[in-house]
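Here is the structure we will look at.
Residue numbers start from 1 in every chain, and the chains themselves are labelled A, B, ... in the order their sequence lines are given, proteins ahead of strands.
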There are 2 protein chains.
Amino acid sequence: MSDARSEVSVEGACDTLERLYENPDEKLAELLEYRPDDERVEAPYQVFRALANEDRLRLLEALSHGELCGCELMVILDAPQSTVATHLRKLREAALVKRRKKGKWNYYRIADTAVMELLDLAGAIHEE
Amino acid sequence: MSDARSEVSVEGACDTLERLYENPDEKLAELLEYRPDDERVEAPYQVFRALANEDRLRLLEALSHGELCGCELMVILDAPQSTVATHLRKLREAALVKRRKKGKWNYYRIADTAVMELLDLAGAIHEE
DNA sequence: CGCTCATATCGCGTTGTTACGATTTAAAAG
DNA sequence: CTTTTAAATCGTAACAACGCGATATGAGCG
């Protein structure tokens with residue numbers, strides 16, 4: 001994806017840099033160091049993707065009160081079973097919740113205290 | 001949206017609760033308290049939505065090194081101007097970055113230290 | 001085994017997001 | 001006032017996420 005880009009897009013932007021700085025090559029090298037490695041971005045991306053949905057945030061808020069089973073979460077979300085199951089799968093894939101199987105039931109819980117810290121931090125940012 | 005749901009979906013789930021608990025009405029009331037208010041969910045949702053994109057995470061990582069102008073960010077992302085501008089608008093709407101206008105140029109910076117804390121926390125969660 | 005019930009997964013129509021060229025706006029500079 | 005040039009916005013085609021009914025899986029029970 002970025003291979004296709006790099007041939008065209010950078011050119012125009014580099015013209016700008018040539019005018020802005022006296023030694024554009026050096027500056028360009030500095031800027032490219034600011035671009036993070038793909039791996040650096042991958043992990044938080046998976047987490048934020050899972051968090052970018054109102055119903056999944058509701059599930060996490062509900063689970064912050066303690067462990068709950070799938071059918072209880074259906075009631076809380078007021079959504080059909082397949083919908084809730086899919087949300088829970090995504091939360092699990094992002095390592096935000098853990099599942100405990102007990103007989104016919106599945107019990108879900110928040111995987112780590114960092115998860116609720118994340119929600120609180122995000123809530124605080126958008127309040128100002 | 002949840003109005004259309006509540007007529008049908010909850011019924012099946014309530015059957016389950018009736019079997020699970022001896023006083024289902026009481027339990028149901030308790031569960032419904034676990035469902036967070038819409039406002040509680042709205043703010044973090046807006047933030048996570050803005051963070052759920054690899055290029056926007058790259059922009060934030062780049063800006064963690066300090067203030068940068070739009071054309072520098074074009075070079076770093078290696079993406080066309082309109083694409084970068086759209087990403088920056090979304091980050092700004094979510095209050096994650098701030099803009100300083102100086103003549104023809106716009107300089108962007110991280111709005112709050114909480115933003116990078118958020119990225120670091122999210123990165124840590126998915127590592128385990 | 002066959003039945004029931006909690007979950008998981010599949011299929012697919014709908015909705016939301018992204019990328020990016022083209023166009024517009026706005027601030028210098030000539 | 002016209003020309004540059006950085007940035008914003010618009011239009012739209014491609015893509016990804018979502019909702020949810022239908023179907024499958026799998027654990028307990030009779």
Side-chain angles (χ1 to χ4, degrees), chain A residues 1-2 4-20 45-46 48-59 68-75 77-94 97 99-108, chain B residues 1-2 4-20 45-46 48-59 68-75 77-94 97 99-108:
Chain A
M1 139 200 186
S2 47
R5 272 182 187 171
S6 47
E7 326 243 323
V8 197
S9 328
V10 172
E11 267 179 52
C14 284
D15 292 353
T16 300
L17 293 183
E18 273 177 36
R19 272 179 252 104
L20 257 178
Y45 170 60
Q46 294 304 331
F48 291 133
R49 206 158 58 127
L51 292 170
N53 177 280
E54 294 189 74
D55 275 345
R56 286 196 293 271
L57 293 179
R58 285 193 190 98
L59 287 173
L68 291 166
C69 78
C71 51
E72 290 171 323
L73 292 167
M74 273 179 66
V75 174
L77 265 204
D78 186 19
Q81 184 270 326
S82 67
T83 300
V84 177
T86 304
H87 283 316
L88 287 168
R89 180 163 48 75
K90 288 184 180 176
L91 288 174
R92 224 155 55 81
E93 283 170 356
V97 305
R99 182 177 58 179
R100 182 170 66 90
K101 292 200 170 209
K102 177 147 190 191
K104 212 161 21 178
W105 286 274
N106 287 358
Y107 290 90
Y108 291 89
Chain B
M1 142 203 188
S2 49
R5 271 180 187 173
S6 47
E7 326 241 323
V8 196
S9 328
V10 172
E11 267 178 54
C14 283
D15 292 354
T16 300
L17 294 182
E18 272 177 36
R19 272 179 251 104
L20 257 178
Y45 171 61
Q46 294 305 331
F48 292 133
R49 204 157 60 126
L51 291 170
N53 176 282
E54 294 189 75
D55 274 346
R56 288 197 290 274
L57 293 179
R58 284 191 190 99
L59 287 173
L68 291 166
C69 79
C71 52
E72 290 172 324
L73 292 167
M74 273 178 68
V75 174
L77 264 204
D78 186 17
Q81 184 270 326
S82 68
T83 299
V84 176
T86 304
H87 283 315
L88 287 168
R89 179 163 50 74
K90 288 183 180 175
L91 288 174
R92 223 154 58 79
E93 283 168 357
V97 305
R99 180 176 60 178
R100 181 170 66 90
K101 292 202 170 207
K102 178 147 190 192
K104 213 160 23 180
W105 286 273
N106 287 359
Y107 291 89
Y108 290 89

The side chain of A:W105 is closest to which nucleotide in this list: D:dA7, D:dC18, C:dA6? C:dA6
Whole Å only: how far is the CG atom of B:N106 from the C1' atom of C:dA28? 14 Å
Angle by which the axis turns from one end of the helix from C:dC1-D:dG30 to C:dG30-D:dC1 to the other, five pairs per end, to 10 degrees: 20°
Could you state the atom-to-atom distance from NZ of A:K101 to C1' of C:dA8 in whole Å? 8 Å
Quick one: is A:N53 getting a side-chain N or O under 4.0 Å of the D:dA17 phosphate, OP1 or OP2? no
Whether A:H87 contacts D:dG19 is assessed here as follows: a side-chain N or O lying under 4.0 Å from the phosphate OP1 or OP2. Is that the case? yes
Could you list the residues that satisfy side-chain contact (heavy atoms from CB on, under 4.5 Å) with A:R92, not counting sequence neighbours? A:V97, A:R99, A:Y108
Does the protein touch nucleotides 24-30 of chain D at the base, only the backbone, or not at all? Give it as B, S and - per nucleotide, heavy atoms under 4.0 Å. --BSS--
Sorted by chain and residue number, the side-chain hydrogen bond (donor to acceptor under 3.5 Å, both in side chains) partners of A:R100 (sequence neighbours excluded) come out as A:E67
For A:A50, does its backbone N or O pair with a side-chain atom of A:R56 as donor and acceptor, under 3.5 Å? yes
Heavy atoms from C-beta onward define the side chain here; which of D:dA17, C:dT7, D:dA7 lies closest to that of B:Y108? D:dA7
Distance-minimising heavy-atom pair for B:V84 and B:L77: CG2-CD1, 4.2 Å
Using a cut-off of 4.0 Å on non-hydrogen atoms, how would the nucleic acid contact of A:R56 be classed: base, sugar-phosphate, or nothing? sugar-phosphate
Classify every nucleotide of nucleotides 9-14 of chain C by which part a protein heavy atom approaches to under 4.0 Å, writing B for the base, S for the sugar-phosphate alone and - for neither, in 5'-to-3' order. B-----
Please determine whether a side-chain nitrogen or oxygen atom of A:K90 lies at a distance below 4.0 Å from atom OP1 or OP2 of D:dA17. no
Sequence neighbours left out, what passes side-chain hydrogen bond (donor to acceptor under 3.5 Å, both in side chains) with A:Q46? Give chain and number order. A:E42, A:R49
